J.: 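One structure coming up, written as structure tokens, with questions to follow.
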Amino acid sequence: MQAVLYIGHGSRVKAGVREAIHFIEKAKAHIDVSIQEVCFLELAEPNIMEGITQCVERGATQIAIIPILLLTAGHAKEDIPIEIEKAKMKYPQIRFTYGETFGIHPKLIDSLYDRILEQNVEISSNAMILLVGRGSSDPVVKQDLSQIANCLKETYHFQKVDICFLYGAKPHFDEALIKLQKAKHKQVFIIPYLLFSGLLMNGIEKKISQIKGENQQLILCETLGYHPNFQTVLLERVNELLEKTELAI
């Protein structure tokens, strides 16, 4: 029997965990699989092995594992595969398949623009966009976010779209804020490239509130998970994996 296991990142902030569960529950309603479970990488329960066990106890013989992660870095490349290998040892009778992160997708570029529009602020001709990524030591993350920034710039004709990170890669968010204050852009839309609220989003809000720029408008946009395009792309990722699973049988 087929099962789908969704793996969220997890957060110390309960609201962020609730948002992740709500996001996944909405997707589950559109997936024609009777066994669907949610688990987390860290900072929330159940963990990955517990999520796999729940699937097995419900009768799963095949488990399609979907990472609810924006970009492909250490969690997607190493941490989750390690847990899958452990599960294969514990449950040798179960067939595991592993899906893709959200990655780079045209629908997600559109959702970034919608996050700007929903601020209900007239966009100036020289408006700048700053994408704030979680960060990783994996250079592919910086490459991917740079590509996303470039797509946003070219698709919606912004003068400048920069990227920065909260940890693990440069430029750091603090450096980007200092650079912003010296820039000529009077209007800056700051888009957290994060799915849900949590400590990272709280930190972004706090640092922006400490900046008092009389001649510069800093506009913080919402996180990304509630945009319908992310639901659409998640469903694509699940169905892609289920189709591969069927073809491989």
Side-chain angles (χ1 to χ4, degrees), residues 1-103 134-136 138 141 166-168 192-202 223-226 230-231 233-242 244-245:
M1 187 177 291
Q2 182 69 60
V4 178
L5 179 64
Y6 304 86
I7 302 180
H9 184 277
S11 172
R12 291 187 178 87
V13 178
K14 291 182 179 180
V17 175
R18 288 195 298 268
E19 287 174 29
I21 293 172
H22 178 72
F23 175 78
I24 295 167
E25 289 296 331
K26 286 179 67 177
K28 285 167 62 175
H30 300 281
I31 299 297
D32 188 22
V33 173
S34 58
I35 303 172
Q36 299 186 68
E37 295 289 346
V38 180
C39 65
F40 297 93
L41 267 163
E42 57 187 11
L43 307 175
E45 295 180 344
N47 62 33
I48 295 174
M49 188 60 74
E50 290 168 342
I52 290 170
T53 297
Q54 289 172 356
C55 291
V56 174
E57 290 177 347
R58 291 181 62 186
T61 55
Q62 300 179 154
I63 303 176
I65 295 178
I66 299 292
I68 310 298
L69 301 170
L70 287 169
L71 299 172
T72 304
H75 285 321
K77 292 179 180 178
E78 299 172 11
D79 298 337
I80 296 175
I82 286 171
E83 292 302 309
I84 293 174
E85 289 304 312
K86 291 178 183 177
K88 287 179 179 178
M89 297 291 290
K90 185 175 182 179
Y91 300 110
Q93 77 280 17
I94 305 297
R95 185 170 182 271
F96 294 91
T97 53
Y98 183 38
E100 301 291 331
T101 62
F102 286 95
R134 178 184 292 271
S136 170
D138 190 330
V141 168
L166 295 167
Y167 64 84
Y193 207 76
L194 305 169
L195 272 173
F196 310 112
S197 61
L199 292 179
L200 295 180
M201 184 60 180
N202 293 348
T223 52
L224 307 175
Y226 277 109
F230 277 82
Q231 282 285 324
V233 175
L234 174 57
L235 294 176
E236 285 185 23
R237 296 291 184 249
V238 176
N239 287 319
E240 286 168 0
L241 183 57
L242 293 176
K244 289 179 183 177
T245 301

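Hydrogens, waters and symmetry mates are skipped; everything else that's a heavy atom, side chains included, is used. It should be emphasised that the depicted structure is a prediction, and the values quoted were computed from it without experimental measurement.
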J.: For Glu37, check side-chain contact (heavy atoms from CB on, under 4.5 Å) against everything at least two apart and list the hits.
T.: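 side-chain contact (heavy atoms from CB on, under 4.5 Å) list for Glu37, sorted by chain: Leu5, Gln54, Cys55, Arg58.
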J.: Apply side chain to side chain donor-acceptor pair (under 3.5 Å) to Thr97 and list each qualifying residue two or more places apart in sequence or on a separate chain.
T.: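 Thr97: side chain to side chain donor-acceptor pair (under 3.5 Å) contacts with Thr245.
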J.: Minimum heavy-atom separation for Gly99 to Leu241, with atom names?
T.: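 Closest approach of Gly99 to Leu241, heavy atoms only: N-CD2, 3.5 Å.
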J.: Suppose we screen for ring-ring contact (aromatic ring centres under 6.0 Å, His included). Which residues come up paired with Phe230, at least two apart in sequence or across chains?
T.: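 Phe230 satisfies ring-ring contact (aromatic ring centres under 6.0 Å, His included) with Phe102 once adjacent residues are dropped.
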J.: Under the criterion side-chain contact (heavy atoms from CB on, under 4.5 Å), which of Ile24, Ile65, Ile66 is the partner of Val4?
T.: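 The passing option is Ile66.
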J.: Only counting residues at least two apart or in another chain, list the ones meeting side chain to side chain donor-acceptor pair (under 3.5 Å) with Glu236.
T.: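 Glu236: side chain to side chain donor-acceptor pair (under 3.5 Å) contacts with His105.
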J.: Kindly list each side-chain donor-acceptor pair under 3.5 angstrom involving residues 84-93, sequence neighbours excluded, with atom names and distances?
T.:
residue	atom	partner	partner atom	Å
Glu85	OE2	Lys88	NZ	3.3
Lys86	NZ	Glu83	OE2	3.2
Tyr91	OH	Thr53	OG1	2.9

J.: Report the residues that fulfil side-chain contact (heavy atoms from CB on, under 4.5 Å) with Leu43, sequence neighbours left out, ordered by chain and then residue number.
T.: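 Testing Leu43 for side-chain contact (heavy atoms from CB on, under 4.5 Å), a comparison that skips the adjacent residues, returns Arg12.
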J.: Applying side-chain contact (heavy atoms from CB on, under 4.5 Å), can you list everything that pairs with Ala20, at least two apart in sequence or on another chain?
T.: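 Once residues adjacent in sequence are excluded, the partners of Ala20 under the side-chain contact (heavy atoms from CB on, under 4.5 Å) criterion are Phe40, Phe196.
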J.: Does the side chain of Arg134 reach to within under 4.5 Å of the side chain of Tyr167, using non-hydrogen atoms?
T.: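 Answer yes - side chains close enough.
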J.: Drop me the distance from Ile80's CD1 to Leu41's CG, to the nearest 0.5 angstrom.
T.: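 Answer rounded to 0.5 Å: 4.5 Å.
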J.: Residues in salt bridge (Lys or Arg N to Asp or Glu O under 4.0 Å) with Glu100, at least two apart?
T.: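 Not a single residue meets the salt bridge (Lys or Arg N to Asp or Glu O under 4.0 Å) criterion with Glu100.
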J.: Working to the nearest 0.5 Å, report the span between OG of Ser11 and CD of Glu42.
T.: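 Taking OG in Ser11 and CD in Glu42, the distance rounds to 9.5 Å.
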J.: Can you name the closest pair of heavy atoms from Gly8 and Ile68 and give their distance?
T.: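 Heavy atoms of Gly8 and Ile68 come nearest at CA-CB, 4.1 Å.
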J.: What's the separation between atom CG in Leu69 and atom CZ in Arg237, rounded to the nearest 0.5 Å?
T.: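 Leu69 CG to Arg237 CZ: 12.0 Å, rounded to 0.5 Å.
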J.: For the atom pair CG (Leu166) and CG (Leu194), what is the distance rounded to the nearest 0.5 Å?
T.: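 Result: 6.5 Å between the selected atoms.
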J.: When rounded to the nearest 0.5 angstrom, what distance separates CD in Glu57 from CD1 in Ile35?
T.: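 Output value for this atom pair is 11.0 Å.
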J.: What residues, two or more places apart in sequence or in another chain, satisfy side-chain contact (heavy atoms from CB on, under 4.5 Å) together with Glu25?
T.: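 Scan of Glu25 (side-chain contact (heavy atoms from CB on, under 4.5 Å), adjacent residues dropped) gives Ile21, Lys28, Val38.
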J.: Does the side chain of Met1 come within less than 4.5 Å of Ser34's, by heavy atoms?
T.: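 A side-chain contact under 4.5 Å exists here.
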J.: Sequence neighbours excluded and cut-off under 3.5 Å, please list the side-chain donor-acceptor pairs for residues 71-79, or say none.
T.:
residue	atom	partner	partner atom	Å
Thr72	OG1	Thr101	OG1	2.7
His75	ND1	Asp79	OD2	2.6
His75	NE2	His9	NE2	3.3
Lys77	NZ	Asp138	OD2	2.6

J.: Listing request: all side chain to side chain donor-acceptor pair (under 3.5 Å) pairs with a residue in residues 15-24, at least two apart in sequence or in separate chains.
T.: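 Of all non-adjacent pairs touching residues 15-24, those that pass side chain to side chain donor-acceptor pair (under 3.5 Å) are Glu19-Ser197.
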J.: For the side chain of Gln36 and the backbone of Ile31, is there at least one donor-acceptor N/O pair under 3.5 Å apart?
T.: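 Yes, because the side chain of Gln36 sits within donor-acceptor range (under 3.5 Å) of the backbone of Ile31.
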J.: Quick one: list whatever passes side chain to side chain donor-acceptor pair (under 3.5 Å) with Tyr193, sequence neighbours left out.
T.: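 With neighbours one apart ignored, the set is empty.
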J.: Tell me the closest heavy-atom pair linking Leu242 and Ala64, and the distance in Å.
T.: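 Closest approach of Leu242 to Ala64, heavy atoms only: CD2-CB, 4.0 Å.
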